[in-house]
Amino acid sequence: MAEHRPCTARNETPLQRADRNFVELLQELRVTQTGVQILFAFLLSLAFTSRFEDLDTVQRVTYVITLLLAVLAAALFTAPAALHRSLFQQGAKPRIVQVSSRLATTGLVVLVFAFSGSVLLVVDVTTGRAGGIAASAATFLVCVGLWGLLPRLVRRAGLRDEPAGPAEDRASPRSVPVRVPAQLRDTVRQPSTPPGTARRETSTRRR
């Protein structure tokens, strides 16, 4: 029964949280799969163009490596769907979410190298080897900065902006005791007791 108790700030059970996380993960994978599909289609069509015969050995090796990286990224991004289908209705949703998150993270790492390799190949063919290396390095740095460094900076900024106290302390301020000067203590009236209470006390004493 403890497994179904609310455990998060959204008042969710572990199963409800796993369902929500898996839906959010699938939304993220839809975005990344679009880029992988475009890249994979471009690389496949490149081999059937007339310009492909003019590539040198380095460019051909770059093309093959980039194509394999794109295939690997596509396989990693589609693996969560296959994992969910294989373990459907077996009570393994939290574990599916955990493994799928790691697969998606690995797929993003592979996709960085696939993007860098494709830029290296295209710029190398059009402008030269030096321009291709520079463009590939810039693509790698941009992807690492936006996908890896930026989330960490946002996380640190969020932790730094959070107040120190718990939510209950922030919502209701603590009552501060008021000190009354000694010369005014006699003038402070105590709350009067209701008449009915005094009568009941008197009758109790008589008894």
Side-chain angles (χ1 to χ4, degrees), residues 8-10 12 14-47 58-88 90 92-127 129-162:
T8 63
R10 300 192 182 192
E12 298 173 322
L15 293 179
Q16 291 174 344
R17 182 182 183 184
D19 291 336
R20 177 177 59 83
N21 290 339
F22 191 71
V23 171
E24 294 177 355
L25 179 62
L26 291 181
Q27 295 294 334
E28 296 172 0
L29 292 178
R30 289 190 180 97
V31 176
T32 55
Q33 282 178 350
T34 303
V36 174
Q37 291 173 356
I38 295 174
L39 177 62
F40 187 59
F42 163 74
L43 293 174
L44 285 180
S45 61
L46 186 62
V58 176
Q59 294 170 347
R60 288 176 181 271
V61 171
T62 303
Y63 169 78
V64 173
I65 294 176
T66 304
L67 179 64
L68 295 178
L69 289 174
V71 172
L72 179 59
L76 289 171
F77 289 140
T78 55
L83 183 63
H84 179 265
R85 178 49 46 194
S86 300
L87 300 178
F88 184 66
Q90 296 187 17
K93 180 61 71 65
R95 188 62 177 172
I96 291 174
V97 173
Q98 184 180 6
V99 175
S100 299
S101 178
R102 294 177 181 176
L103 291 173
T105 303
T106 307
L108 288 175
V109 175
V110 175
L111 189 59
V112 170
F113 291 98
F115 280 163
S116 303
S118 61
V119 171
L120 172 61
L121 177 62
V122 173
V123 179
D124 186 9
V125 173
T126 55
T127 62
R129 187 64 46 82
I133 294 175
S136 177
T139 303
F140 180 82
L141 292 178
V142 169
C143 292
V144 171
L146 293 177
W147 298 356
L149 183 60
L150 181 60
R152 295 189 177 184
L153 295 178
V154 173
R155 184 192 310 165
R156 290 181 180 178
L159 293 176
R160 188 167 54 248
D161 295 340
E162 286 183 357

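Reckoned from all heavy atoms, side chains included, excluding hydrogens, waters and symmetry mates. Here, residue 1 is the first one in the sequence, and each next residue gets the next number.
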**Request:** Report the residues that fulfil salt bridge (charged side-chain N to carboxylate O under 4.0 Å, His left out) with E28, sequence neighbours left out, ordered by chain and then residue number.
**Result:** none
**Asked** What pairs with R102 under salt bridge (charged side-chain N to carboxylate O under 4.0 Å, His left out), at least two apart in sequence or on another chain?
**Response**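 Expected list: none.
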Atom [atom1] in [X], atom [atom2] in [Y]: separation rounded to 0.5 Å?
X: L26; Y: F77; atom1: CG; atom2: CZ; answer: 13.0 Å
X: N21; Y: S100; atom1: CG; atom2: OG; answer: 11.0 Å
X: Y63; Y: L68; atom1: OH; atom2: CG; answer: 9.5 Å
X: L87; Y: I96; atom1: CG; atom2: CD1; answer: 4.5 Å
X: L121; Y: T126; atom1: CG; atom2: OG1; answer: 9.5 Å
X: S116; Y: L111; atom1: OG; atom2: CG; answer: 9.0 Å

Closest approach of [X] and [Y], non-hydrogen atoms and distance?
X: L108; Y: T32; value: CD2-CG2, 3.8 Å
X: S101; Y: L25; value: N-CD2, 3.9 Å
X: A104; Y: L29; value: CB-CD2, 3.8 Å
X: P151; Y: L146; value: CD-O, 3.6 Å
X: L39; Y: A70; value: CD2-CB, 4.3 Å
X: F42; Y: V122; value: CZ-CG2, 3.6 Å

**Asked** Do R17 and K93 come within less than 4.5 Å of each other through their side chains, counting heavy atoms only?
**Response**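 No; the side chains remain at least 4.5 Å from each other.
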**Asked** Is there side-chain contact between L150 and V154, with at least one heavy-atom pair below 4.5 Å?
**Response**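 Result yes, sub-4.5 Å side-chain heavy-atom pair found.
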**Request:** Sequence neighbours left out, what passes side-chain contact (heavy atoms from CB on, under 4.5 Å) with L120? Give chain and number order.
**Result:**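 side-chain contact (heavy atoms from CB on, under 4.5 Å) list for L120, sorted by chain: T62, I133, S136.
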**Modelled atom types, side-chain donor and acceptor of R95 and Q98, under 3.5 Å** = yes
**Asked** For the side chain to side chain contact (heavy atoms under 4.5 Å, CB included) test, which of V142, V109, V112 pairs with W147?
**Response** V112
**Message:** For F115 together with F140, are the ring centres under 6.0 Å from each other?
**Reply:**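 No, the ring centres sit 6.0 Å or more apart.
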